[in-house]
Enquirer: 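One structure, as structure tokens, below. Some questions next.
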There are 2 protein chains.
Amino acid sequence: MQTQTRPPSTGRSLEHPERDEIRLESVLHALSDPVRLTIFRSLARAEDELSCSVFELPVSKSTTTHHFRVLRESGVIHQIYRGTAKMNALRRDDLEALFPGLLDALLTSAAHQADRLAND
Amino acid sequence: MQTQTRPPSTGRSLEHPERDEIRLESVLHALSDPVRLTIFRSLARAEDELSCSVFELPVSKSTTTHHFRVLRESGVIHQIYRGTAKMNALRRDDLEALFPGLLDALLTSAAHQADRLAND
DNA sequence: GTCGAAGTACGATGGATCTCGTACACCGGC
DNA sequence: GCCGGTGTACGAGATCCATCGTACTTCGAC
């Protein structure tokens, strides 16, 4: 259920794959890019919607838009317009139903690797 | 230790990444191709070395070589020449050490999806 | 030594992808 | 109504990638 303090979504529509249209290959491809893996981890940590603009990514605005679209079209994230912002959230329920345990394994794997590379 | 009935490896050498050179992004990219995901699942089921030639893939011989190379260079599989054959095996220990739980999550996810798509 | 099986190397080709800049659209606040 | 912030659309460039066919190498068997 949506909180009342949250601005409503606008009429602008965004295409999302249905749950049963999500493919493992597409999810893996989406997460195989370093920028998108970073976004993925941030969204998992946030546990709430995040606007595109809060991310500090080493790419331009238009490239950022591109990466969020790939994540959305692969079924990894849900996007919705709220006012001028575009909010992003992991599709946790859908992914857990389709690929049980995968999300956690990916997140811990990414965390392990980040630790490992930081302490080289 | 190597069994005595197994033909020895020949002098032909194959480049493999060290364990600490394996990157999650590269592994995910390697497994994001349908052909390579099929190979991955077959090797996991086999629990032993398999030669390239036992796979019935919907691509040509040279494309098959390409896919096995991607899997090897990403660190997913280990390859070794034995006689005229080239044997393939999952790098289970390395992957489990780097990405605990990921292998199983990927395999069960792929199996779930295969079941789901078969019973449509 | 010759042959066949297994796999490679190489180049080509068509398509996807990552990146960017510029110009534009949408929305809230003033 | 206008401005600024947020994000898009579009085109372009460079690179990567999956695929193939052909010619070649390597090795075991005979």
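No hydrogens, no waters, no symmetry mates; every other heavy atom, side chains included, goes into these values.
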Enquirer: Below the 4.0 Å mark, does dA18(D) have OP1 or OP2 next to a side-chain nitrogen or oxygen of Arg36(B)?
Expert: yes

Enquirer: Take the protein atom CE of Met87(B) and the nucleotide atom C1' of dA5(C), then report the distance between them rounded to whole Å.
Expert: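 Going from CE in Met87(B) over to C1' in dA5(C) covers 15 Å.
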
Enquirer: Between C1' on dC26(C) and CD1 on Ile80(A), what's the gap in Å once rounded to a whole number?
Expert: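 Atom CD1 in Ile80(A) sits about 16 Å away from atom C1' in dC26(C).
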
Enquirer: Which part of the nucleic acid, if any, lies within reach of Ser51(A) when heavy atoms closer than 4.0 Å are counted: base, sugar-phosphate only, or nothing?
Expert: sugar-phosphate

Enquirer: Expressed as a whole number of angstroms, how long is the span from Phe55(A):CZ to dG5(D):P?
Expert: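 Rounding to the nearest Å, CZ of Phe55(A) and P of dG5(D) are 21 Å apart.
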
Enquirer: Collect all protein-nucleotide pairs involving nucleotides 19-23 of chain D in which both atoms are nitrogen or oxygen and the distance is under 3.5 Å.
Expert:
{"unit_1": "dT19(D)", "atom_1": "OP2", "unit_2": "His67(B)", "atom_2": "NE2", "d": "2.3"}
{"unit_1": "dC20(D)", "atom_1": "OP2", "unit_2": "Ser60(B)", "atom_2": "N", "d": "2.7"}
{"unit_1": "dC20(D)", "atom_1": "OP2", "unit_2": "Ser60(B)", "atom_2": "OG", "d": "3.3"}
{"unit_1": "dC20(D)", "atom_1": "OP2", "unit_2": "Thr63(B)", "atom_2": "OG1", "d": "3.0"}
{"unit_1": "dG21(D)", "atom_1": "N7", "unit_2": "Ser62(B)", "atom_2": "OG", "d": "3.2"}
{"unit_1": "dG21(D)", "atom_1": "O6", "unit_2": "Ser62(B)", "atom_2": "OG", "d": "2.9"}

Enquirer: Output yes when Glu15(B) and Arg72(B) qualify as a salt bridge under the 4.0 Å nitrogen-oxygen rule, no when they do not.
Expert: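 No, this pair does not count.
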
Enquirer: Mind checking what makes salt bridge (charged side-chain N to carboxylate O under 4.0 Å, His left out) contact with Arg45(B), not counting sequence neighbours?
Expert: none

Enquirer: What is the distance, rounded to the nearest whole Å, between atom CG of Asn88(A) and atom C1' of dT6(D)?
Expert: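 Answer to the nearest Å: 12 Å.
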
Enquirer: Separation of Arg82(B) atom CZ from dA29(D) atom C1', in whole Å?
Expert: 20 Å

Enquirer: Which nucleotide in the set dG7(D), dG28(C), dT17(C) lies at the smallest distance from any side-chain heavy atom of Ser53(A)?
Expert: dG7(D)

Enquirer: Once you round it to whole Å, what is the distance between C1' of dC26(C) and CD of Gln79(A)?
Expert: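 Result: 16 Å.
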
Enquirer: For the pair made of CG in Leu14(B) and C1' in dT26(D), what is the distance, rounded to whole Å?
Expert: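 Roughly 13 Å, once rounded to whole Å.
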
Enquirer: Check residues 103-110 of chain B and write down every donor-acceptor pair under 3.5 Å in which the side-chain atom is one partner and the other belongs to a residue at least two apart or another chain.
Expert:
{"unit_1": "Thr108(B)", "atom_1": "OG1", "unit_2": "Asp104(B)", "atom_2": "O", "d": "3.1"}
{"unit_1": "Thr108(B)", "atom_1": "OG1", "unit_2": "Ala105(B)", "atom_2": "O", "d": "3.1"}
{"unit_1": "Ser109(B)", "atom_1": "OG", "unit_2": "Ala105(B)", "atom_2": "O", "d": "2.7"}

Enquirer: Not counting sequence neighbours, which residues clear salt bridge (charged side-chain N to carboxylate O under 4.0 Å, His left out) with Asp115(A)? List them please.
Expert: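 None.
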
Enquirer: dC17(D), dA9(D), dG28(C): which one has an atom nearest the side-chain heavy atoms of Arg69(A)?
Expert: dA9(D)

Enquirer: Go through the structure and list residues passing salt bridge (charged side-chain N to carboxylate O under 4.0 Å, His left out) with Arg116(A), not counting sequence neighbours.
Expert: none

Enquirer: By ring-ring contact (aromatic ring centres under 6.0 Å, His included), which residues pair with His78(B), not counting sequence neighbours?
Expert: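 Per chain and number, His78(B) pairs via ring-ring contact (aromatic ring centres under 6.0 Å, His included) with His16(B).
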
Enquirer: Under the side-chain hydrogen bond (donor to acceptor under 3.5 Å, both in side chains) rule, what do Thr63(B) and Ser60(B) come out as? Steps first, then yes or no, please.
Expert: CA-CA 5 Å; Thr63(B) 302; Ser60(B) 71; 3.1 Å; yes

Enquirer: Just how far, in rounded Å, is C1' of dT6(D) from CG of Leu57(A)?
Expert: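 Result: 15 Å.
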
